[in-house]
Amino acid sequence: MDAPWSPSSAGFLTGCVGANKCGLIVASGNPRRVSILGSTGSIGTTALELIGRFEDRFRVVGLAAGRRVETLKQQIERFRPEVVSVADPQDAAELARALPGDGPRVEHGPTGLIEVAAGTRADILLSALVGAVGLEPTLAAVDAGIDIGLANKEVMVIGGELVCRRSHASGSTVLPVDSEHNAIFQALEGRRREHVRRIILTASGGPFREHTAEQLQRVSREEALRHPTWDMGDKITIDSASLMNKGLEVIEARWFFEQEPADIGVVVHPQSIVHSMVEYRDGSVIAVMAIPDMTIPIGHVLAYPDLLDLGYLPRLDLPAASRLDFFEPDRERFPCLRLAFEALEAGGTMPAVANAANEIAVARFLAGEIAFMDIPRIIKAAMQAHEPVGYEDVETLLTTDTWAREHASAYNASRAAAGA
């Protein structure tokens with residue numbers, strides 16, 4: 001008989017966090033050392049706002065941003081990290097000149113990300129970059145035995161099997177920050193894995209849930225960026241509108257919770273109050289509900305296994321919510337979800353291809369180069385042109401990622417749709 005579900009018995013959540021790490025930190029009163037990749041994005045800024053309210057519990061030691069240098073300067077002044085990184089070397093040089101002599105060490109580029117992730121002796125890394133750029137620094141932290149709060153879903157989509165293998169070897173514990181996977185994590189804890197029938201991810205449905213196929217062809221950039229419930233970055237917001245975000249989360253869930261694709265369900269839930277569910281063999285379903293605020297899963301992961309008092313947030317008021325709706329997703333109108341399942345079934349390097357092609361397609365849509373429904377066409381074309389292979393190293397994944405990006409950049413989806 002299987003033991004009760006815990007981070008050490010499911011997926012690649014291997015570290016005995018409660019006994020060896022968080023427990024000692026809470027008991028001793030020592031602040032938990034935190035590094036953040038993507039500190040100026042929506043997850044990073046929410047995490048820092050939370051940390052600022054619990055300064056006795058957390059100590060920021062590393063921050064990595066892209067090009068929002070002014071925002072990073074404010075974060076440095078507020079949290080006084082030991083090392084920071086930006087994307088561009090010129091930005092790094094200017095930042096170093098602007099900081100006082102006792103300021104943090106300034107790094108840049110991919111090596112800077114790795115330094116923030118793995119060179120700070122952090123207790124936990126909040127991996128909150130967007131896209132494949134987060135893979136190598138997150139793996140570097142895993143190899144260093146640092147615990148991970150994973151909000152960079154592409155890391156798992158591209159290299160979930162590799163992250164599993166390396167976390168088992170190093171003892172790093174990887175905990176899910178996405179609200180859906182964090183909800184599943186909570187609904188599973190203390191339960192026996194043999195009793196699980198399936199996990200059910202909820203999707204808001206985005207702004208186009210009720211659009212016809214014809215209306216979807218005419219979606220504008222501005223319309224796609226108007227998410228009805230969540231405040232997120234541009235790329236994730238477009239992914240939510242296309243349901244690709246949910247498709248990527250399906251692939252994530254396969255690795256986080258060791259579920260076969262057939263045992264991962266998706267339902268559209270416009271209110272975004274039920275964050276996900278676990279169905280058990282006896283027919284019971286455990287759902288985790290909360291207001292749609294990323295502070296809650298971020299706080300859950302940063303403090304795990306303790307629980308922060310987030311009483312300053314609005315409480316869930318079910319009578320005010322009035323109703324909770326659930327619908328089957330339409331995989332014909334929203335083919336990105338179907339393509340993600342197909343990539344997961346194909347296995348090997350295929351999820352990396354789907355992810356890279358989507359990143360390029362979304363960037364092209366945001367730049368006004370393609371139509372909204374060209375996004376799934378570009379993903380499908382890249383997948384059809386790729387023969388998936390197994391992988392044992394990062395290099396195979398990065399080579400595949402580069403190939404898929406080049407294919408998606410060159411592909412004329414609109415002409416293909418018109419039969420040209």
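The figures that follow rest on heavy atoms only: side chains count, while hydrogens, waters and symmetry mates do not.
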Quiz item: cation-pi between Arg209 and Phe327, 6.0 Å / 45°: yes

Aromatic ring proximity, centroids under 6.0 angstrom, Phe326 and His269: yes

Arg197 atom CZ, over 12 foreign heavy atoms within 6.0 Å: yes

Residues that Tyr391 engages under ring pair (Phe, Tyr, Trp, His ring centres under 6.0 Å), provided they are two or more places apart: none

CG/Asp309: more than 12 non-hydrogen atoms of other groups inside 6.0 Å: no

Partners passing side chain to side chain donor-acceptor pair (under 3.5 Å) against Asp282 (at least two apart in sequence or in another chain): Ser284

Neighbour count >12 (heavy atoms, 6.0 Å) for atom CZ, Arg80: no

Side chain to side chain, Glu406 and Thr402, heavy atoms closer than 4.5 Å: yes

Pairs touching residues 124-144 that satisfy side-chain hydrogen bond (donor to acceptor under 3.5 Å, both in side chains), sequence neighbours left out: Ser127-Thr138, Asp143-Arg166

Aromatic plane relationship, Phe54 with Tyr312 - under 30° parallel, 30 to 60° tilted, over 60° perpendicular: tilted

Aromatic ring pairing His181/Phe256, orientation class (parallel under 30°, perpendicular over 60°, tilted between): tilted

Pair Glu49-Thr45, side-chain contact (heavy atoms from CB on, under 4.5 Å): steps then yes or no: CA-CA 6 Å; Glu49 181 182 346; Thr45 54; over 6 Å; no

Cationic tip of Arg33 above Phe58 ring, under 6.0 Å, 45° of axis: no

Mutual orientation of the aromatic rings belonging to Phe372 and Phe208 [parallel < 30°, tilted 30-60°, perpendicular > 60°]: perpendicular

Arg254 side chain reached by Ile264 side chain, heavy atoms, under 4.5 Å: yes

